[in-house]
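Data first, discussion second: the structure below is written as structure tokens.
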Amino acid sequence: MSDAGPSAPSGYSRFAVGEATVVARHDAVNGVGEALKETRTLHCWAATVPGAKAFQGRATAWGTTLPRGGPAVVVRHARHGGLFAAFTGDRFLWPGRAPWELEASERLRAAGVPTPAVVAYVLYPAGPGFCRCDVATARLPEGGDLPQVWSEVPDADRDGIITAVASLVRALGAVGAQHEDLNAKNVYLAREGRGWRAFALDVDRVRFLPSGDTRATALNLARLLRSLRKSRERLGLVIGDEHLAALERRSLGAPGAG
């Protein structure tokens, strides 16, 4: 299985470690190879590194630094979401969504959309025609997902958060990128000067609309607003209708819209 499948784009190498197929950025090749010699999967390796930071999402991701002088990364194990997650679990049709996540990430970052670089992914055979996958993305500056940061900061900071998130929604829309899973936990916030910067996570669920199709901003905004409203019920997120209205105005209007 590892002899078939994705090729490595410019700046990346493709190689095998046992039955696993790896596509890694050149500065991460040695580190990923070393990690896979120590444990059976990259995610298992990251979970055992002393001091690794746990990030809670659909499943736990681990923030650490690749060995042999490699970059700082967050390693997650890919899983399905939605209605059929209990049946499909972590098995994907070969080669899964990771090759597209790498392509989408590079395309978004080249257009100025804040999203972490894909440093490497590893595919593991999981039966005829199927695979499991780990993805390592570049570690972002210290911060957290939107619900976490919103709940921790004082009221005075929340207007800046709305501005940053609206800027992300506009940036995605400007390149026609519809993020089909732009939920609240897939928006990451980090301090930038006196304000905030918002990043889009899990861009394997991004699709690029045809040239001239202007629906991306509205679709992304609707998905995010729906998630924030659900977060009030499920997570007890204290975000008012006035905050959601401001996010909508700023996402659909000019950068300085109030």
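Every heavy atom of this structure was used, including side-chain atoms; hydrogens, water molecules and symmetry mates were not.
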Item to complete: Could you walk me through whether Q178 and R215 pass the side-chain contact (heavy atoms from CB on, under 4.5 Å) test, one step at a time?
Response: CA-CA 8 Å; Q178 181 195 353; R215 297 176 298 156; 5.8 Å; no
What's the shortest heavy-atom distance between [X] and [Y], and which atoms?
{"X": "L102", "Y": "P9", "value": "CD2-CG, 3.6 Å"}
{"X": "A216", "Y": "A177", "value": "CB-O, 3.8 Å"}
{"X": "D145", "Y": "P147", "value": "OD1-CD, 3.1 Å"}
{"X": "A200", "Y": "L168", "value": "N-CD2, 3.8 Å"}
{"X": "P95", "Y": "P99", "value": "O-CD, 3.6 Å"}
{"X": "A166", "Y": "L247", "value": "N-CD1, 3.7 Å"}

Connected-component partners of [X] among ILVMFWY, side-chain separation under 4.5 Å:
{"X": "V119", "answer": "F15, V17, V22, V29, V32, L36, L42, W45, V49, L66, V73, V75, V122, Y124"}
{"X": "Y188", "answer": "L140, F199, L201"}
{"X": "F55", "answer": "V74"}

Are the side chains of [X] and [Y] in touch, meaning some heavy atoms are under 4.5 Å apart?
{"X": "R76", "Y": "T137", "value": "yes"}
{"X": "L224", "Y": "S251", "value": "no"}
{"X": "D134", "Y": "Y121", "value": "no"}

Worksheet item: Could you walk me through whether T41 and R132 pass the side-chain contact (heavy atoms from CB on, under 4.5 Å) check?
Response: CA-CA 10 Å; T41 74; R132 294 183 172 90; over 6 Å; no
Exam field: side chain [X] to backbone [Y], donor-acceptor pair closer than 3.5 Å:
{"X": "R232", "Y": "I239", "result": "yes"}
{"X": "R250", "Y": "I162", "result": "no"}
{"X": "H43", "Y": "A61", "result": "no"}
{"X": "H80", "Y": "D90", "result": "no"}
{"X": "R205", "Y": "L182", "result": "no"}
{"X": "T115", "Y": "S105", "result": "no"}

Could you grab the distance from atom [atom1] of [X] to atom [atom2] of [Y], nearest 0.5 Å is fine?
{"X": "S227", "Y": "L146", "atom1": "OG", "atom2": "CG", "answer": "8.0 Å"}
{"X": "E180", "Y": "D204", "atom1": "CD", "atom2": "CG", "answer": "10.0 Å"}
{"X": "L225", "Y": "N220", "atom1": "CG", "atom2": "CG", "answer": "11.0 Å"}
{"X": "T217", "Y": "L221", "atom1": "OG1", "atom2": "CG", "answer": "8.5 Å"}
{"X": "W150", "Y": "D157", "atom1": "CH2", "atom2": "CG", "answer": "10.0 Å"}
{"X": "L228", "Y": "L235", "atom1": "CG", "atom2": "CG", "answer": "10.0 Å"}

Using the salt bridge (charged side-chain N to carboxylate O under 4.0 Å, His left out) criterion, which residues pair with [X]? Sequence neighbours excluded.
{"X": "D181", "result": "R58, R223"}
{"X": "R197", "result": "E192"}
{"X": "E103", "result": "none"}

Worksheet item: Which is it for E142 and K53 under the salt bridge (charged side-chain N to carboxylate O under 4.0 Å, His left out) test, yes or no, and what are the steps along the way?
Response: CA-CA 11 Å; E142 196 65 29; K53 181 177 180 180; 2.7 Å; yes
Worksheet entry | Criterion side-chain contact (heavy atoms from CB on, under 4.5 Å) on Q148 and Q56, from CA distance to verdict | CA-CA 11 Å; Q148 174 191 343; Q56 298 301 328; over 6 Å; no
Item to complete: Give a yes-or-no answer on whether the side chains of H179 and N186 include a donor-acceptor pair shorter than 3.5 Å.
Response: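 The criterion, which ignores hydrogens and geometry beyond distance, is not satisfied for N186 and H179.
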Fill in: Flag for R14-T21: side-chain donor and acceptor within less than 3.5 Å
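R14 and T21 do not have a side-chain donor-acceptor pair below 3.5 Å.
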Worksheet item: What class does the angle between the rings of W100 and F208 fall in, given that below 30° is parallel, 30 to 60° is tilted and above 60° is perpendicular?
Response: perpendicular
Practice prompt. Please answer: with hydrophobic residues joined when any side-chain heavy atoms are less than 4.5 Å apart, are L219 and V206 in the same cluster?
Written response: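 Result: no, two separate clusters.
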Worksheet entry | Same apolar cluster: L244 and V169, side chain cutoff 4.5 Å |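 Yes, because L244 and V169 connect within a single hydrophobic cluster, where side-chain heavy atoms sit under 4.5 Å apart.
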Worksheet entry | Test side-chain contact (heavy atoms from CB on, under 4.5 Å) applied to W196 and R191, step by step | CA-CA 5 Å; W196 297 88; R191 282 284 189 186; 3.3 Å; yes
